[in-house]
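Hydrogens, waters and symmetry mates are skipped; everything else that's a heavy atom, side chains included, is used.
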Amino acid sequence: RAGLPVIASNVGGLAEVVKDNITGVLIDPNSVQALVDAINSLNLESLEKMGMLGKLRFSQCFTIQRVHDELLEIYYNL
């Protein structure tokens with residue numbers, strides 16, 4: 001939401017939120033080396049692009065209005 005790229009462990013629902021190498025980088029959980037490698041692989045241009053795409057993804061998928069609308073639709077269909 002803040003327009004910043006993310007480095008996250010590839011666990012739980014994070015892979016649905018963070019698109020690997022698009023809005024951030026997903027790494028193996030509990031791997032210091034994977035974190036180091038991810039940090040070293042990034043440059044300013046890729047960080048800025050990931051941040052911009054992450055902000056766009058948030059506005060398209062995760063706003064409270066969208067969640068509200070989808071929940072309402074589910075309730076109406078019950």
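Cluster annotation: Val36 is not connected to Val6 through the hydrophobic network of ILVMFWY side chains, with a link wherever side-chain heavy atoms come within less than 4.5 Å. Hydrophobic clustering (ILVMFWY, side-chain heavy atoms < 4.5 Å, transitive): Ile22 and Met52 are in one cluster.
Rounded to the nearest 0.5 angstrom, Leu44 CG and Glu48 CD are separated by 4.0 Å. Rounded to the nearest 0.5 Å, atoms CG (Asn21) and CG (Leu42) are 8.0 Å apart. Summarising the geometry, atom CG belonging to Leu14 is positioned 13.0 Å from atom CD1 belonging to Ile7; distances are rounded to the nearest 0.5 Å. Expressed to the nearest 0.5 Å, how far OG of Ser9 lies from CG of Asn30 amounts to 6.5 Å. Rounding to the nearest 0.5 Å gives a distance of 10.0 Å between CG of Asn77 and CG of Leu72. Note that CG of Leu53 and OG1 of Thr23 are 7.5 Å apart. Values are rounded to the nearest 0.5 Å.
With respect to the salt-bridge test (charged N to carboxylate O, under 4.0 angstrom), the residues Glu70 and Arg66 qualify.
A donor-acceptor pair under 3.5 Å links the side-chain atoms of Asp20 to the main chain of Leu26, judged by distance alone. The closest donor-acceptor contact from the side chain of Arg1 to the backbone of Lys55 lies at 3.5 Å or more, if one exists at all.
Closest heavy-atom contact between Ile27 and Ala34: CG2-O, 3.7 Å. Closest of all the heavy-atom pairs between Ala8 and Val18 is CB-CG2, 4.3 Å.
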Take Met50 and Val25 through the side-chain contact (heavy atoms from CB on, under 4.5 Å) test and state the conclusion after the steps. CA-CA 9 Å; Met50 286 180 189; Val25 178; 4.0 Å; yes

Please walk me through it: do Val17 and Phe62 pass side-chain contact (heavy atoms from CB on, under 4.5 Å)? CA-CA 9 Å; Val17 176; Phe62 300 108; 4.2 Å; yes

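When the side-chain hydrogen bond (donor to acceptor under 3.5 Å, both in side chains) test is applied to Ser46, the partners found at least two apart in sequence or on another chain are Asn43.
Residue Glu45 places its CD atom among 12 or fewer non-hydrogen atoms of other residues, nucleotides or ligands, all under 6.0 Å distant.
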